[in-house]
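Below: the structure, in structure tokens.
Atoms considered below: every heavy atom in the structure, side chains included; atoms not considered: hydrogens, waters and symmetry mates.
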Amino acid sequence: MPAEQRRLLLQVARQAVEMGPLPDRQAGRIGVADSDQLPDVLRRIQAAFVTLNLRSDGSLRGCIGSLQATRPLIDEVAGNAHLAAYGDPRFPPVDEAEFPRLHIEISLISPLAEFKAAAREGLIEWLAGQPLNERPGLVLQEQSLNRSATFLPAVWVQLPDAEAFVGELLRKAGLPVDHWSDAMRVQTYTAEEFAEPTAPG
């Protein structure tokens, strides 16, 4: 993603957050006017996540995204930024006083790749064998229970231990940290990640 387009996507995400809450039927569905005039790279169909952290300590304030590409990237970023601020069920909606304290990160998601793991230990061993800065995002889906969760590649910074990473992802899916079954589906992906400057403005 060229630097100019990265800056534009971050501006769009910031504008979507500072738009304030919208009626439920509109939340997360906002788009960008005259998007047909934008470069092709911003109009391609691509999945993305938008993460909001607090500048003070880096703690999470909201994160919403999708793993399946369904809409133009510019609209994907705008919609997910708005939902990260006002529709993440883990947090109360952002209020206007918080706007200057938010730090926005965008992750552009690659297509998912199936990973054949016969056992939990095999997955952990494979992940541990990858260089830390090259480890992928991970999706774990327990198909028999309709439970799934994902961690973006950036989560490896907080959870560098492969066993802890898998365990916490299982916990996020509502499963025991040592859970495994023949119905477990594993998918991996990469993400191109970029963020606002660490200092406002």
### Task
Would you check, one step at a time, whether the test side chain to side chain contact (heavy atoms under 4.5 Å, CB included) holds for T150 with L138?
CA-CA 5 Å; T150 187; L138 196 63; 5.7 Å; no
### Task
Apply the test side chain to side chain contact (heavy atoms under 4.5 Å, CB included) to residues L10 and I106: give CA-CA distance (whole Å), side-chain angles for both, the deciding distance (0.1 Å), then the verdict.
CA-CA 7 Å; L10 288 166; I106 295 173; 3.7 Å; yes
### Full working for side chain to side chain contact (heavy atoms under 4.5 Å, CB included) between L112 and Q68
CA-CA 8 Å; L112 299 177; Q68 300 292 340; 3.5 Å; yes
### Task
Could you give me the CA-CA distance, side-chain angles and deciding distance for E142 and S181, then say whether side-chain hydrogen bond (donor to acceptor under 3.5 Å, both in side chains) is met?
CA-CA 8 Å; E142 175 50 84; S181 82; 2.5 Å; yes
### Message
Walk me through whether V50 and I104 qualify under side chain to side chain contact (heavy atoms under 4.5 Å, CB included).
### Response
CA-CA 7 Å; V50 177; I104 298 175; 4.0 Å; yes
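Rounded to the nearest 0.5 Å, atoms CZ (R185) and CD (Q187) are 4.0 Å apart. For the atom pair OG (S107) and OH (Y189), the distance works out to 8.0 Å, reported to the nearest 0.5 Å. Going from atom CG of D40 over to atom CD of Q5 covers 10.0 Å, rounded to the nearest 0.5 Å. From R43, atom CZ reaches atom CG of L73 across 11.5 Å, with rounding to the nearest 0.5 Å. Atom CG of L140 is separated from atom CH2 of W180 by 6.0 Å, given to the nearest 0.5 angstrom. The structure places CE of M184 at 8.0 Å from OG of S144, a figure rounded to the nearest 0.5 Å.
A donor-acceptor pair under 3.5 Å links the side-chain atoms of H82 to the main chain of G20, judged by distance alone. Checked by atom type and distance alone, the side chain of Y86 pairs as donor or acceptor with a backbone atom of V17 at under 3.5 Å. At least one donor-acceptor pair under 3.5 Å links the side chain of R147 to the backbone N or O of G174. Between the side chain of R71 and the backbone N or O of Q46, no donor-acceptor pair lies under 3.5 Å. At distances below 3.5 Å, at least one donor-acceptor pair connects side-chain atoms of R55 with backbone N or O atoms of L102. Without hydrogens or angle criteria, Q143 side chain to A183 main chain gives a donor-acceptor distance under 3.5 Å. R135 contributes a side-chain N or O that, together with a main-chain N or O of Q130, makes up a donor-acceptor pair within less than 3.5 Å. A distance-only check finds a donor-acceptor pair linking the side chain of E76 to the backbone of A48 [under 3.5 Å]. In this structure a side-chain-to-backbone donor-acceptor pair under 3.5 Å is present from S110 to T190. Side-chain atoms of D88 come within 3.5 Å of backbone atoms of C63 as a donor-acceptor pair (strictly under, hydrogens ignored).
Taking 4.5 Å as the limit, some side-chain heavy atom of L60 sits within range of a side-chain heavy atom of R90. Contact annotation: the side chain of E18 never approaches that of E96 to less than 4.5 Å [non-hydrogen atoms, C-beta and beyond]. Here the side chains of E105 and N53 are in contact, with some heavy-atom distance below 4.5 Å.
Closest non-hydrogen pair, P153 versus G137, comes out as CG-N, 3.3 Å. Smallest separation of non-hydrogen atoms from V177 and G167: CG1-O, 3.5 Å. Closest of all the heavy-atom pairs between A191 and I109 is CB-CD1, 4.0 Å. Contact between P136 and L127 at its shortest, heavy atoms only, is CD-CD2, 4.1 Å. In plain terms, the two heavy atoms of F151 and L159 that are nearest each other are CE1-CD1, 4.1 Å. Between L9 and F194, the shortest heavy-atom contact is CD1-CZ, 3.9 Å.
Hydrophobic clustering (side-chain heavy atoms under 4.5 Å, transitive across Ile, Leu, Val, Met, Phe, Trp, Tyr) keeps F49 apart from M1. In this structure, L123 is a member of the same hydrophobic cluster as V155, with clusters built from ILVMFWY side-chain heavy atoms closer than 4.5 Å. Residues V139 and L145 are members of separate hydrophobic clusters, defined by side-chain heavy-atom contacts under 4.5 angstrom among Ile, Leu, Val, Met, Phe, Trp and Tyr. One hydrophobic cluster, built from ILVMFWY side chains closer than 4.5 Å, holds both V94 and L54. Put simply, L38 and L108 are part of the same group of oily side chains (I, L, V, M, F, W, Y) that touch within less than 4.5 Å, one to the next.
Salt bridge status for K172 with E168: absent, with no side-chain N to carboxylate O gap under 4.0 Å. Taking 4.0 Å as the cut-off between side-chain N and carboxylate O, R6 and E196 do not count as a salt-bridged pair.
The environment of E125 atom CD is sparse: at most 12 non-hydrogen atoms of other residues, nucleotides or ligands sit within 6.0 angstrom. The neighbour count for E163 CD, taken as heavy atoms of other residues, nucleotides or ligands under 6.0 Å away, does not exceed 12. The neighbour count for D95 CG, taken as heavy atoms of other residues, nucleotides or ligands under 6.0 Å away, is above 12. More than 12 heavy atoms of other shown residues, nucleotides or ligands fall within 6.0 angstrom of atom CD in E114.
Aromatic pair F115/W126: centroids less than 6.0 angstrom apart.
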